Amino acid sequence: MNYPYVTEFRQSLVEWFNVEKRDLPWRHTTDPYQIWVSEVMLQQTRVDTVIPYYNRFMESFPTLELLAEAPQEYLLKHWEGLGYYSRARNLQAGVREVLENYGGVVPNNRHEISKLKGVGPYTAGAILSIAYNKPEHAVDGNVMRVLSRVLNIHDDIAVPKTKKIFEAAVEELIDPENASSFNQGLMELGALICTPTSPKCLLCPVREYCTAFNKGEPEKLPIKSKKVKMKHITYDVLVCEDDKGRILMEKRPAEGLLANLWQFPMLEHGKDSIDTFSNDYAIKVQSQQALLTFKHVFSHLTWHINSYFMKCDSTVKGEWLTPEQIELLPMPVPMLKIWQEIKTKSYCLK
DNA sequence: AATGCGGGGTG
DNA sequence: CACCCAGCATT
């Protein structure tokens with residue numbers, strides 16, 4: 001395939017990026033480790049959300065070695081609220097691989113870097129191009145949207161193999177001398193100009209090369225099928241406090257949803273019974289009071305939560321923790337919401 | 001190829 | 001409410 005105006009397209013995009021790019025924390029460095037962290041955080045996550053997490057993360061884990069040595073609980077606390085927590089565990093596994101197998105130097109080729117945990121086709125290309133200026137494709141949702149419009153590609157981007165079409169296109173288009181600015185330029189264009197709805201074509205540096213703009217209906221692309229069926233689960237969440245002001249906590253399993261995060265005990269409606277629960281923990285409930293009722297939406301399921309504050313007898317079973325200890329634990333957002341309510345209304349002793 | 005995996009922003 | 005977002009691992 002041979003695109004017309006490739007040279008002009010490259011130049012317009014790269015020049016626009018170098019002038020208009022946002023000042024973001026990870027754009028002050030080309031350290032592969034720091035670029036790596038930023039790219040993992042940015043997976044499926046918006047820039048504005050990532051910024052404070054990235055800054056805090058770099059303060060605590062400025063080097064690959066410090067991240068490799070960190071306790072997982074401390075690491076997860078830095079990821080708390082960011083979501084997709086396996087990213088954090090995979091990132092730590094990845095930096096440990098770099099220390100073990102590559103002398104602490106992040107590999108500069110796709111074959112080796114792709115072996116690292118959590119580094120897929122996009123992240124590999126992003127690190128290689130941004131940190132090492134290697135002309136490698138880095139195709140994410142932004143790039144597929146931008147190029148579907150520029151090149152008039154109507155393939156369904158929800159179909160996995162469609163990404164190969166865009167990767168091949170980037171290999172043709174990418175500026176071999178300015179791979180970093182070219183790839184970032186495509187993504188920046190998608191974020192600022194070539195947005196999903198109402199793209200700002202009049203501000204676009206490459207509109208004269210854009211098929212969708214010239215045809216007049218850029219918002220019709222990309223084509224994306226797919227709908228996900230949402231599952232619903234209802235839970236009672238029990239905040240149990242003993243007479244010493246300690247609260248019963250549970251650690252979630254090491255696999256699956258919210259792996260290794262901490263929570264107040266949860267009873268699934270129609271599945272878990274309060275009797276079994278109080279039996280397991282040898283708890284005797286003295287009083288019970290309704291807390292928050294709310295809904296928490298994940299990408300693939302919805303939790304309907306009823307939360308209760310319960311005064312209980314002392315017991316020797318389970319993890320009864322002080323508020324100070326609880327503050328150090330990584331918890332999912334629904335639990336943070338309940339915990340915040342507890343602190344605000346000062347139910348517990350403290 | 002299909003599914004599981006968070007959470008927040010937007011219209 | 002639906003849709004989107006700098007994806008990857010597992011099956």
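A quick note: this is a predicted structure, and the numbers were derived from the prediction, not measured. Residue numbering restarts at 1 for every chain, and letters A, B, ... go by the order of the sequence lines.
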Would you measure the distance from the P atom in C:dA6 across to the matching atom in B:dG11 and give it in whole Å?
15 Å
Using whole Å, what does the distance between atom C1' of nucleotide C:dA6 and atom OH of A:Tyr53 come to?
17 Å
Select base, sugar-phosphate, or nothing to describe what A:Trp26 touches, counting heavy atoms under 4.0 Å on all strands.
base
Just checking A:Leu24: base, sugar-phosphate only, or nothing, at a heavy-atom cut-off of under 4.0 Å?
base
With a non-hydrogen cut-off below 4.0 angstrom, is A:Ser86 in contact with a base, only sugar-phosphate, or nothing?
nothing
With heavy atoms of chain A within less than 4.0 Å as the criterion, where does contact along DNA chain B begin and end?
B:dA1 to B:dG8
In whole angstrom, what separates A:Met230's CE from C:dC1's P?
9 Å
Taking CG from A:Leu221 and P from C:dC4, how many angstroms apart are they, rounded to a whole number?
13 Å
Separation of atom CE in A:Met187 from atom P in C:dC5, rounded to whole Å:
14 Å
What's the OH-C1' distance between A:Tyr84 and C:dA6, to the nearest Å?
14 Å
Side-chain heavy-atom pair A:Val237, A:Gln263 within 4.5 angstrom cut-off:
no
Whole-Å C1' distance, B:dC5 and C:dC5:
15 Å
Starting from P on C:dC8, measure out to CG on A:Leu91 and report it in whole angstrom.
13 Å
Which part of the nucleic acid, if any, lies within reach of A:Gly190 when heavy atoms closer than 4.0 Å are counted: base, sugar-phosphate only, or nothing?
nothing
Any luck finding a side-chain donor-acceptor pair between A:Asn183 and A:His137 under 3.5 Å?
no
Base, sugar-phosphate, or nothing: which does A:Thr123 touch, judged by heavy atoms less than 4.0 Å apart?
sugar-phosphate
Have a look at A:Val47 and say if it touches a base, only the backbone sugar-phosphate, or nothing, with a 4.0 Å heavy-atom cut-off.
base
Could you grab the distance from atom CE of A:Met310 to atom OG of A:Ser278, nearest 0.5 Å is fine?
7.5 Å
If you count heavy atoms of other groups shown closer than 6.0 angstrom to NE2 of A:His232, is the number above 12?
yes
Let me spell it out: for each of A:Ala158 and A:Tyr85, pick the nucleotide of DNA chain B with the closest heavy atom. Which residue's pick is nearer the 5' end?
A:Ala158
Let me know, please, whether A:Glu188 or A:Ser114 comes out on the 5' side of the other along DNA chain C by nearest nucleotide.
A:Glu188
Under 4.0 Å between any heavy atoms, over every strand shown, what does A:Thr49 touch: base, sugar-phosphate, or nothing? Just pick one.
nothing
Does A:Lys77 pair with A:Glu80 as a salt bridge, N-O distance under 4.0 Å?
yes
So what does A:Arg252 hit on the nucleic acid, given a heavy-atom distance under 4.0 Å: a base, only sugar-phosphate, or nothing?
nothing
Between C:dT11 and B:dG6 - P atom distance, rounded Å:
16 Å
Hey, is the side chain of A:Arg87 pairing donor to acceptor with the base of C:dC8 inside 3.5 Å?
no
Has the side chain of A:Arg27 got a donor or acceptor atom that lies under 3.5 Å from a matching backbone atom of A:Arg22?
yes
Do A:Asn90 and A:Arg87 get their side chains close enough for a donor-acceptor pair, meaning under 3.5 Å?
no
Give A:Leu258 one of three labels, base, sugar-phosphate or nothing, depending on what nucleic acid heavy atoms sit under 4.0 Å from its own.
sugar-phosphate
Hydrogens and angles aside, do A:Trp26 and A:Glu39 bring a side-chain donor and acceptor to less than 3.5 Å of each other?
no
Using whole Å, report how far CZ of A:Phe166 lies from P of C:dG7.
14 Å
Which residue lies toward the 5' end of DNA chain B, A:Val297 or A:Lys161, if each is placed at its nearest nucleotide?
A:Lys161
Report yes if at least one side-chain N or O of A:Gln43 is closer than 4.0 Å to OP1 or OP2 of C:dG7; otherwise report no.
no
If I take atom CG in residue A:Asn90 and atom P in nucleotide C:dC8, what distance separates them, rounded to the nearest angstrom?
11 Å
Do the side-chain N or O atoms of A:Lys21 get closer than 4.0 angstrom to the phosphate oxygens (OP1, OP2) of C:dA6?
no
Which part of the nucleic acid, if any, lies within reach of A:Lys337 when heavy atoms closer than 4.0 Å are counted: base, sugar-phosphate only, or nothing?
nothing
Have A:Gln43 and A:Tyr122 got a donor and an acceptor in their side chains that come within less than 3.5 Å?
no
Taking for A:Gly118 and for A:Pro196 the nucleotide of DNA chain C with the nearest heavy atom, the one nearer the 5' end belongs to A:Pro196
